[in-house]
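For reference, the structure discussed in these notes is given below.
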Amino acid sequence: DLSPDDGGVGGRDSGVPPRYWIDRLEGEADLDGVLEVEGESFTNPWTREMYTWELQNRSVCHIFVARTRECPVAGFCAFWLVLDEIHINNVAVLPFLRGQGIGTALMQRVFDEARQLGARRATLEVRASNEGARRLYERLGFYVAGTRRDYYTNPVEDALILWRDS
């Protein structure tokens with residue numbers, strides 16, 4: 001569970017249930033929820049087969065989900081651990097739940113896990129036009145390190161390569 005200090009409201013010690021909390025992905029129901037968030041968030045979403053393949057190597061692929069009382073999967077973050085770095089592949093929150101701190105809490109949990117696994121840096125790509133995500137990443141300490149031309153499809157768009165040092 002998230003404590004109030006982690007961005008949730010309520011928590012174990014307050015007697016008030018949290019608005020949201022972060023768990024590791026567990027089972028097909030969680031994967032169904034991840035796919036729903038994908039479909040509502042991205043123009044070219046990952047498929048079940050892509051995630052199933054990713055999850056075959058749990059030492060590299062890690063997925064956390066954000067939950068609310070109403071939504072078993074309100075958001076998620078999937079990342080790879082490669083040596084002392086993490087590559088954040090996908091992070092998204094259901095559109096109607098954005099702006100409530102869930103994305104920030106997910107990312108903070110991922111950073112905490114990454115540190116425990118020995119990672120010192122994090123990287124990700126973001127659509128150049130995705131202002132909301134870019135603001136979130138900047139608040140979390142990411143900086144633009146480069147551009148991948150025409151990286152995204154549907155529509156074709158450049159990706160900004162972001163890095164964060166811990």
Side-chain angles (χ1 to χ4, degrees), residues 1-42 45-48 50-82 84-127 130 132-142 162-166:
D1 283 357
L2 286 176
S3 70
D5 295 338
D6 293 323
V9 173
R12 279 187 289 252
D13 299 332
S14 70
V16 176
R19 284 184 307 168
Y20 55 83
W21 61 97
I22 312 296
D23 288 326
R24 292 180 186 279
L25 179 128
E26 294 181 17
E28 288 297 313
D30 278 357
L31 185 53
D32 291 343
V34 165
L35 293 169
E36 180 182 341
V37 176
E38 277 271 344
E40 292 193 34
S41 301
F42 302 117
W46 282 28
T47 64
R48 177 177 297 279
M50 293 166 84
Y51 277 107
T52 300
W53 187 85
E54 289 285 312
L55 291 167
Q56 290 177 18
N57 191 349
R58 290 293 188 119
S59 66
V60 173
C61 179
H62 302 264
I63 303 175
F64 285 88
V65 295
R67 306 182 191 282
T68 69
R69 289 185 298 277
E70 300 80 23
C71 289
V73 178
F76 74 97
C77 182
F79 71 93
W80 292 339
L81 174 68
V82 181
D84 65 345
E85 300 173 351
I86 63 168
H87 184 112
I88 297 169
N89 295 313
N90 293 321
V91 59
V93 173
L94 287 168
F96 72 94
L97 291 171
R98 292 178 187 158
Q100 299 181 38
I102 296 172
T104 299
L106 262 170
M107 297 293 284
Q108 292 294 353
R109 176 69 185 271
V110 163
F111 297 150
D112 291 346
E113 178 74 9
R115 258 189 306 281
Q116 290 177 15
L117 294 169
R120 297 187 345 230
R121 297 179 49 173
T123 187
L124 57 81
E125 291 92 11
V126 62
R127 281 185 181 269
N130 191 340
R134 289 176 60 185
R135 281 192 303 274
L136 169 65
Y137 301 144
E138 285 176 21
R139 282 195 312 269
L140 291 169
F142 281 90
L162 305 183
W163 281 94
R164 177 185 190 266
D165 302 309
S166 58

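Starting from 1, each residue takes its place in the sequence as its number. Because only heavy atoms are used, hydrogens play no part in the values below, and waters and symmetry mates are left out as well, while side chains stay in.
Between His62 and Phe79, the ring-plane angle classifies as parallel under the 30° and 60° cut-offs.
Note that CD1 of Ile102 is 13.5 Å distant from SG of Cys77, once rounded to the nearest 0.5 Å. If you take CD on Glu125 and CG on Asn89, they are separated by 8.0 Å, rounding to the nearest 0.5 Å. The CZ atom of Phe142 sits 8.5 Å away from the CG atom of Leu136 when rounded to the nearest 0.5 Å. Considering OH of Tyr51 and CG of Asp30, their distance stands at 12.5 Å, rounded to 0.5 Å. For the atom pair Arg67 CZ and Ile22 CD1, the distance stands at 9.5 Å (nearest 0.5 Å). In this structure, CG in Asp84 is found 14.0 Å from CZ in Arg115, a value given to the nearest 0.5 Å.
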Inset, instruction - Please step through side-chain contact (heavy atoms from CB on, under 4.5 Å) for the pair Leu55 and Leu25, ending with a clear verdict. - result: CA-CA 10 Å; Leu55 291 167; Leu25 179 128; 4.0 Å; yes
Inset, instruction - Verify side-chain contact (heavy atoms from CB on, under 4.5 Å) between Leu31 and Thr52, making sure each step is shown before the conclusion. - result: CA-CA 9 Å; Leu31 185 53; Thr52 300; 4.2 Å; yes
Inset, instruction - For Leu81 and Ile86, run side-chain contact (heavy atoms from CB on, under 4.5 Å): C-alpha distance rounded to whole Å, both residues' side-chain angles, the deciding distance at 0.1 Å, then the answer. - result: CA-CA 5 Å; Leu81 174 68; Ile86 63 168; 4.0 Å; yes
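Proximity of Arg139 to Arg135: side-chain heavy atoms (C-beta onward) are separated by under 4.5 Å at one or more points. Glu85 has its side chain within reach of Trp163: a pair of non-hydrogen atoms, C-beta onward, lies under 4.5 Å apart.
Counting non-hydrogen atoms of neighbouring residues, nucleotides and ligands closer than 6.0 angstrom, the CH2 atom of Trp80 reaches no more than 12 such neighbours. The environment of CZ in Arg121 is crowded: more than 12 heavy-atom neighbours from other residues, nucleotides or ligands sit within 6.0 Å.
For the pair Arg164 (side chain) and Leu140 (backbone), a donor-acceptor distance under 3.5 Å is present.
Annotation for Pro45 and Glu38: closest pair CA-OE1, 3.2 Å, computed over non-hydrogen atoms. Nearest heavy-atom pair, Leu97 versus Cys71, reported as atom, atom and distance to 0.1 Å: CD1-SG, 4.2 Å. Of all heavy-atom pairs between Ser41 and Arg98, the closest is OG-NH2, 2.9 Å. The minimum heavy-atom distance between Ile88 and Leu124, with the atom names listed, is O-CB, 3.6 Å. Taking both residues in full, the closest heavy atoms of Val126 and Ala133 are given as CG2-CB, 3.9 Å, listed atom of the first, atom of the second, then distance. Nearest heavy-atom pair, Leu106 versus Val93, reported as atom, atom and distance to 0.1 Å: CD1-CG2, 4.4 Å.
Side-chain N/O atoms of Gln100 and Tyr20 include no donor and acceptor closer than 3.5 Å.
A salt bridge between Glu28 and Arg48 is present, with a side-chain N of the basic residue lying under 4.0 Å from a carboxylate O of the acidic one.
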